[in-house]
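First the proteins, then the strands, lettered A, B, ... as listed; each starts at 1.
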Amino acid sequence: MKECEISARGINVWYGPKQALFDVSLDIYKNTVTSLIGPSGCGKTTFLRCINRMNDLIPFCRVEGKLMIKDTDVYGKEADVLSIRKKVGMVFQTPNPFPKSIYENVAYGPFIHGVRDKKKLDEIVRHSLQEAALWDEVKDELNKSALMLSGGQKQRLCIARALAVEPEIIVMDEPCASLDPIATAKIEDLITRLKEKYTVVIVTHNIQQAARVSDYTAYFYLGKMVEYGKTAEMFENPKEKSTELYLTGRFG
Amino acid sequence: MKIGKDPDGLAELLVKISAYSMILVVFFIFFFLFFEGIKIFNFESVQHFFLGQSWQPTSSNPRFEIASIIIGSLFVTAGALLLSVPVALGCAIYLSEVAPPSLSELLKPVIEILAGIPSVVIGFFGLTVVVPAVASIFGIPSGLTLLSGILVLAIMVLPTIETISEDALRSVPRSYREASAALGATDWETIHKVVLPAAMPGITVAILLGFGRAIGETMVVLMVTGNAAIIPTSVFDPIRTMTATIAAEMGEAPFGSPHYFALFMIAATLFVISFMVNSAANLLIKRGSRYA
């Protein structure tokens, strides 16, 4: 059994009066890729945003339950939201680089966390872009606008930006939703390599993508986690009828 | 283009006419001002007109020198912007980023009302409230000063700069804020390092529109600045602006007189200053949006 990185117990989430997640309990293991799948509106993104408390930004959103990242109680009274978000890098559905240069995008995170030494920043930028498999494509144009990059490059830049603050966990919310198949393949390749160093949680609408990249899969339906297990086993032998129907494309 | 057979052609023609007629009007105004104004140089040398400080259009030995008037306009405008830009920006940041939405909803119409108050009303308020207050607080014999002009003009341009800056800040995509927050940035770091830079082109436009409004404002400055054509040595001196000069004297200047031409040249100068500021703005916006 692998070491547990994220442990959720009895997570309930409400948006105003509407409950979006019902009693979700889930252990996510270190250095694995876990995908969250399920039809639209099933709560997978909501769960993902619980991990780094991004739901705090949504007015009238309320979270109950216990979520631990190692020894950190994410919703505890003493929780330091900023350091939790630093520990959990996030990649969004639509690539959202800042309207700044490529260099500034990556250096932004370390800079706000106190790195002022230019040499050190240079090193972080280079290393992060290398890790995100973007360095070779942009090393000669670091001062160009990030908005000039292609969609796939932008998304890898966003991954590099997240890596630059040395997170332990990377959460990705449908990172390939707006990308073409070639750019998607590059990101998927990157995801499988990232798990050597990081714990990756990915929300995806693409069942094949979940099969390709993830070690574990959690299937959500109507705000409940229906089934969770090793990806290979679940895809081969879904225990629940609902999982089977979703995986075989009968609804979703 | 066959009008009638091709409905798109007709629409195109209509918008074309609208566009060209606007450009035509601008050119027409400029050339009219310029050709009327240039005749003053038959009576006063170019150098004296722009660099001299003595504006005595009705004396028996008339002098038409407008340096002090240009400086009066620039000082009162710069002072008003210096005062109102920080307040307007602070207000815009508060309403768009910090304040709860319900409070923003409440305050927005209040600011819009301020923008809609006719300038003569604000001038009247300045004359009856600000001018005596300035006189008594600073112990000077008359409150009709550069300072009063700055204060009242600042109030006038505040809503212009605030509303346009606020719109610029609000149009910064939510995804930028989320990306910054997800990296562990505080709200203030996000505002300062991501939202403000992204909104900068819009904020620049806001400030320049504020400049345009301030330098073109006539009634308020006419009422509260004392209208003495001297170069001020402190904010407690009176000043006279280009706009106030034109408004106050155009009625008395006989048609075709040197005085009449001089006022036209002042108007042309004002036009050129506005034009230059607008061009500078466009240049800045282009450079600012390098990454947008």
Residue, of A:Gln93, A:Lys87, A:Met54, that accumulates the most heavy atom pairs under 4.5 Å with chain B: A:Met54
Over all atoms of both residues, closest heavy-atom pair of B:Ala185 and A:Leu82: O-CD2, 3.5 Å
Residue B:Lys108 excluded, over 12 heavy atoms near NZ under 6.0 Å: yes
Backbone of B:Tyr176 reached by a side-chain donor or acceptor of A:Asn96 within 3.5 Å: no
Side-chain heavy atoms of B:Glu178 within contact of A:Arg49, under 4.5 Å: yes
Straight-line distance of A:Phe92 CZ to B:Ser175 OG, nearest 0.5 Å: 8.0 Å
Closest contact, heavy atoms only, A:Ile58 versus B:Arg174: CG1-NH2, 4.1 Å
Closest non-hydrogen atom pair, A:His113 against B:Gly184: CE1-O, 3.5 Å
Enclosure of B:Phe275 CZ (heavy-atom neighbours >12, cutoff 6.0 Å): no
Structural part of A:Val91 lying under 4.5 Å from a heavy atom of chain B: neither
Structural part of B:Arg177 lying under 4.5 Å from a heavy atom of chain A: neither
Residue part contacting chain B, namely of A:Pro97, when any heavy atom lies under 4.5 Å: backbone
Within 6.0 angstrom of B:Asp187 CG, more than 12 heavy atoms from elsewhere: no
Nearest-0.5 Å distance that lies between atom CZ in A:Phe98 and atom NZ in B:Lys193: 11.5 Å
Nearest heavy atoms of B:Ala181 and A:Leu57, plus distance in Å: CB-CD1, 3.8 Å
More than 12 heavy atoms of other groups within 6.0 Å of B:Phe271 CZ: yes
A:Glu166 CD: over 12 foreign heavy atoms closer than 6.0 Å: no
Spacing of B:Leu183 atom CG and A:Arg161 atom CZ [to the nearest 0.5 Å]: 6.0 Å
